[in-house]
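The next block holds one structure in the form of structure tokens; read it before the comments.
Since we're looking at a predicted model, the values are computed, not measured. Residue numbers begin at 1 in each chain, while the letters A, B, ... track the order of the sequences.
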There are 2 protein chains.
Amino acid sequence: MREKVLDFWFDFASTYSYPAVQRIGPLASKARVKVRFRPFLLGPIFQAQGWETSPFNLYEAKGRNMWRDLERLCGDLELPFRRPTTFPQQSVLAARVALIGLRLNEKWGKNFCLALFRAEFGEDKRIDDAATIGDILTQLKVDPAPVLEAARSEALRVGLRTETEEAQRLGIYGAPTFVTPDGELFWGNDRLERALVWAKRGK
Amino acid sequence: MREKVLDFWFDFASTYSYPAVQRIGPLASKARVKVRFRPFLLGPIFQAQGWETSPFNLYEAKGRNMWRDLERLCGDLELPFRRPTTFPQQSVLAARVALIGLRLNEKWGKNFCLALFRAEFGEDKRIDDAATIGDILTQLKVDPAPVLEAARSEALRVGLRTETEEAQRLGIYGAPTFVTPDGELFWGNDRLERALVWAKRGK
């Protein structure tokens, strides 16, 4: 029997990935589905379709409603929310640190992702600042210096690029996106529940 | 006390308006919220942001996933689904007929909307064809000739344009969109339940 696994693709700059990352753990565990966190970069994918920034900045009415919708959603979920002063933020360093964590020790990797999203969208912290990342690592009892050094290495640069290429190959064009082992793609925080059902029963 | 009303803005060319129009009646009646159907045209709004066709045609990966997602959604809801040969279709005549119906007799207006969406996305019928519209009117025991004539009048042209301008003024940029009496805007079929709660309790 095929193992029940759901790939959770996200970018740390993505707004709706914030509620998704907070919701996925409890929901997946209730559904008895294993979740793999797959950080990647949306930037190159957006650029390939001619967008130089987030569509939420390009299309004003869409962006305005997204922020309001996210605020309502966080209210419903009792998640802290503060609209970030800067959006979108460079997520490359955060994504590389997350990759290191997820490969070394799934628990710190996932906890890092949760904490980073909360800092970004709950506390208006800069996630492109190594200090924010270092603080979170320290809270997780991980020594920041060697991790940040490794995150700046060629190996991690290539590692993250490979993940982003894989996302593109799968047809991913936004985040969060959930992909089942049989290649079914679900886009958006609001598709999480349906994706878990598919991962479990294969349709 | 403010009356509990939810405005349901949609374009007959909009894919996700199909499941929304089928779901909204029973859900609203359960929630004891009155729903007003507000057909409008997305075309001028898309053009104002530089799109000459649907974003689902402009962005290939996004479009591919939308069709698959809609198919899954219709499967879950046990709604007939056939991907239309032509997309998007000119929805102006259908929208004007719907406006006539909704103003004359709410029941035929709403039933016309339900039947037209089903013909378009469940049976691959052309909704820009007066014959399709005429068939549906006949099934609803409405004489098609005077309605189609009125739909082509200056009064209806202006009527629909006014509705579209109102949608734009409200900040609507996609369909379906639900708007509460206090101006809260919810975009997307997947926000219908939340919009009904807001319409009912005001938050």
Side-chain angles (χ1 to χ4, degrees), chain A residues 9 16 19-20 42 44-51 55-77 167-180 182-195 197-199 201-203, chain B residues 9 16 19-20 42 44-51 55-77 167-180 182-195 197-199 201-203:
Chain A
W9 291 89
Y16 285 107
L42 264 177
I45 294 174
F46 281 176
Q47 279 162 24
Q49 54 192 39
W51 295 340
F56 294 126
N57 289 347
L58 292 172
Y59 305 108
E60 198 267 333
K62 192 183 176 84
R64 189 170 59 235
N65 181 57
M66 179 278 292
W67 289 115
R68 179 63 177 149
D69 188 54
L70 189 65
E71 185 182 10
R72 287 189 305 244
L73 202 52
C74 290
D76 289 347
L77 297 167
Q168 207 154 8
R169 197 190 59 74
L170 289 167
I172 290 174
Y173 55 91
T177 293
F178 310 100
V179 182
T180 65
D182 58 343
E184 196 72 17
L185 187 154
F186 295 83
W187 171 52
N189 169 60
D190 35 46
R191 294 296 185 279
L192 170 55
E193 284 83 350
R194 187 63 184 87
V197 170
W198 193 290
R201 67 171 201 217
K203 65 173 187 175
Chain B
W9 292 88
Y16 285 108
L42 263 177
I45 293 175
F46 281 176
Q47 278 162 24
Q49 55 192 39
W51 295 339
F56 295 127
N57 289 347
L58 292 171
Y59 305 108
E60 197 267 334
K62 193 183 176 83
R64 190 170 57 235
N65 180 59
M66 179 278 291
W67 289 114
R68 179 63 176 148
D69 188 55
L70 189 64
E71 185 182 11
R72 286 190 305 244
L73 203 51
C74 291
D76 290 347
L77 297 167
Q168 206 153 7
R169 197 190 58 73
L170 290 168
I172 291 175
Y173 55 91
T177 293
F178 311 100
V179 183
T180 65
D182 57 343
E184 196 73 16
L185 187 154
F186 295 83
W187 172 52
N189 169 59
D190 35 47
R191 295 297 185 278
L192 169 55
E193 285 83 349
R194 187 63 184 89
V197 170
W198 193 290
R201 68 170 199 219
K203 66 173 185 172

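- Closest non-hydrogen pair, A/A61 versus B/G171, comes out as CB-O, 3.8 Å.
- Contact of the A/E184 side chain with the B/R72 side chain is registered, since non-hydrogen atoms from C-beta on lie closer than 4.5 Å.
- Considering CZ of B/R194 and CG of A/D76, their distance stands at 4.0 Å, rounded to 0.5 Å.
- Heavy-atom pairs under 4.5 Å with chain B were tallied for A/M66, A/K62, A/R64; the largest tally goes to A/K62.
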Q: Decide salt bridge (Lys or Arg N to Asp or Glu O under 4.0 Å) for A/R191 and B/D190; before the verdict, give the C-alpha distance in whole Å, the side-chain angles of both, and the deciding distance to 0.1 Å.
A: CA-CA 9 Å; A/R191 294 296 185 279; B/D190 35 47; 2.8 Å; yes

